[in-house]
Amino acid sequence: MNLASLNRSKAALIHLGISAAIGAAVITLMLFVWYPRPYFTAMGGETLMLLLVGVDVVIGPLITLVVFDPAKKNLRFDLAVIALLQVAALAYGCQVMFNSRPVYNIFVVDRFEVVAANRIDEVSLATVTQGEFASLPLTGPKIVAARQPDDPKRRTDILFQSMNGGHDLADLPELYVPYSEARADAAKTARPLQELIRRQPGDAATIRALASSAGRTEETVGYLPMKARNRDMTVLLDRKSGDVIGILPVYPW
């Protein structure tokens with residue numbers, strides 16, 4: 001490209017177009033792979049996305065608008081520095097988003113907890129050498145369950161550890177089991193859907209719509225709270241089988 005043929009506005013617009021295309025690709029990856037809905041909202045994906053757009057789509061072209069001058073001898077060097085800084089910021093932002101992505105939605109005792117990759121206890125993960133929990137999912141969170149350890153001392157250690165801000169059951173892959181092994185417990189623990197409707201009457205239509213779209217009546221559907229980093233939500237379950245029907249952006253408490 002002949003830089004001498006461009007003015008500030010054209011150069012900034014070209015830079016904006018390139019940045020927007022790259023930003024759109026990253027946002028698509030984030031929305032459809034790492035943070036599928038409703039986890040995008042539950043885990044605070046909006047904040048991460050705004051940071052990405054602000055740094056990589058807006059600031060870079062603005063700097064180009066300020067520094068671009070076809071008469072400058074070092075213009076190519078200046079633009080190369082801007083591009084390198086922008087790439088570095090994008091790489092860092094992608095790393096943060098990847099490390100913060102939700103990897104598991106875990107049934108624990110009487111609730112679900114969404115756990116991010118950077119919350120998983122690495123020591124516990126290292127003990128899982130085989131099976132589906134030996135590595136973290138790359139394409140969105142999996143619904144699983146966590147069991148209390150058989151060793152009473154281990155249970156006590158985890159309790160005190162969590163009370164002091166350390167890792168809890170949901171952070172320890174060594175204690176994970178497939179959700180199919182805990183569905184019966186989830187079904188027994190699930191609360192009546194009518195209770196959720198009484199708690200959140202403003203969301204009654206949304207709640208009933210999901211149950212209806214799944215071919216269930218209100219009496220056959222229960223719910224459990226889902227704790228997440230940014231916003232707690234609600235998991236709807238079949239009260240007989242324990243199968244997960246869906247997740248609603250409804251406050252469960």
Side-chain angles (χ1 to χ4, degrees), residues 1-105 113-122 125-126 135-142 165 167 171 226-233 247-249 251:
M1 182 181 295
N2 185 4
L3 297 179
S5 65
L6 301 177
N7 56 32
R8 291 177 187 270
S9 299
K10 288 183 179 180
L13 285 174
I14 292 172
H15 192 167
L16 177 62
I18 295 171
S19 298
I22 296 173
V26 174
I27 290 171
T28 299
L29 177 66
M30 185 178 180
L31 284 173
F32 292 98
V33 180
W34 294 342
Y35 294 77
R37 295 184 185 277
Y39 298 103
F40 180 76
T41 299
M43 298 299 281
E46 296 97 334
T47 302
L48 294 172
M49 186 173 69
L50 287 174
L51 287 173
L52 173 71
V53 171
V55 172
D56 291 297
V57 179
V58 177
I59 294 180
L62 281 177
I63 296 176
T64 296
L65 182 64
V66 171
V67 305
F68 192 88
D69 182 355
K72 288 180 67 174
K73 292 182 178 180
N74 297 324
L75 179 60
R76 290 186 181 275
F77 176 78
D78 292 345
L79 294 178
V81 170
I82 294 171
L84 286 173
L85 290 175
Q86 197 170 359
V87 168
L90 178 64
Y92 176 75
C94 288
Q95 182 184 26
V96 170
M97 287 190 293
F98 181 76
N99 291 338
S100 302
R101 75 191 189 282
V103 287
Y104 292 111
N105 190 358
E113 290 191 27
V114 183
V115 179
N118 55 10
R119 184 177 146 187
I120 296 291
D121 180 23
E122 295 183 1
L125 181 62
S135 60
L136 301 181
L138 298 174
T139 56
K142 294 182 178 179
H167 293 292
D171 310 325
M226 185 186 88
K227 294 185 64 64
R229 181 172 60 215
N230 183 64
R231 179 181 173 183
D232 294 346
M233 294 188 177
I247 301 172
L248 287 174
Y251 194 66

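For the numbers below, each heavy atom of this structure counts, side chains included, while hydrogens, waters and symmetry mates do not.
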So how far is it from [X] [atom1] to [Y] [atom2], rounded to the nearest 0.5 Å?
| X | Y | atom1 | atom2 | value |
| --- | --- | --- | --- | --- |
| N230 | T41 | CG | OG1 | 8.0 Å |
| L90 | Q95 | CG | CD | 11.5 Å |
| L62 | S19 | CG | OG | 10.0 Å |
| I120 | H167 | CD1 | NE2 | 8.5 Å |
| I22 | C94 | CD1 | SG | 10.0 Å |
| I14 | T64 | CD1 | OG1 | 10.0 Å |

Could you check whether any side-chain heavy atom of [X] comes within less than 4.5 Å of a side-chain heavy atom of [Y], counting everything from C-beta outward?
| X | Y | value |
| --- | --- | --- |
| D69 | D78 | no |
| V26 | M97 | yes |
| M49 | I27 | yes |
| P141 | V103 | no |
| P102 | P137 | no |
| D232 | M226 | no |
| L79 | F68 | yes |
| T139 | W34 | no |

**Study point:** N-O pairing of E46 and R231 below 4.0 Å
**Key:**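 Answer for the salt bridge query: no.
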Requested in this report: Look at the side chain of N7 and the backbone N and O of K10, then say whether any donor-acceptor pair between them is shorter than 3.5 Å.
Outcome: yes
Say whether, by atom type as modelled, one donor and one acceptor occur between the side chain of Y35 and the main chain of R101 under 3.5 angstrom. yes
query: Hey, which of R229, K227, R119 is the one that makes salt bridge (charged side-chain N to carboxylate O under 4.0 Å, His left out) with E113?
result: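 The single option meeting the salt bridge (charged side-chain N to carboxylate O under 4.0 Å, His left out) with E113 is R119.
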Does atom [atom1] ([X]) have a neighbourhood of more than 12 heavy atoms from anything else shown, all under 6.0 Å?
| X | atom1 | result |
| --- | --- | --- |
| R37 | CZ | no |
| K72 | NZ | yes |
| F98 | CZ | yes |

Nearest non-hydrogen partners of [X] and [Y], listed with the distance:
| X | Y | result |
| --- | --- | --- |
| L75 | P70 | CD2-CA, 4.0 Å |
| L248 | M233 | O-CB, 3.1 Å |
| P38 | I247 | CG-CG2, 3.6 Å |
| M43 | S100 | CE-O, 4.3 Å |

Working for side chain to side chain contact (heavy atoms under 4.5 Å, CB included), residues L125 and L136 | CA-CA 9 Å; L125 181 62; L136 301 181; 4.3 Å; yes
Q: May I have the step-by-step check of side chain to side chain contact (heavy atoms under 4.5 Å, CB included) for I82 and H15, ending in yes or no?
A: CA-CA 10 Å; I82 294 171; H15 192 167; 3.8 Å; yes
If a pair satisfies ring-ring contact (aromatic ring centres under 6.0 Å, His included) and one of its residues is in residues 41-61, list it, with sequence neighbours excluded.
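Sorted result for residues 41-61: empty, none.
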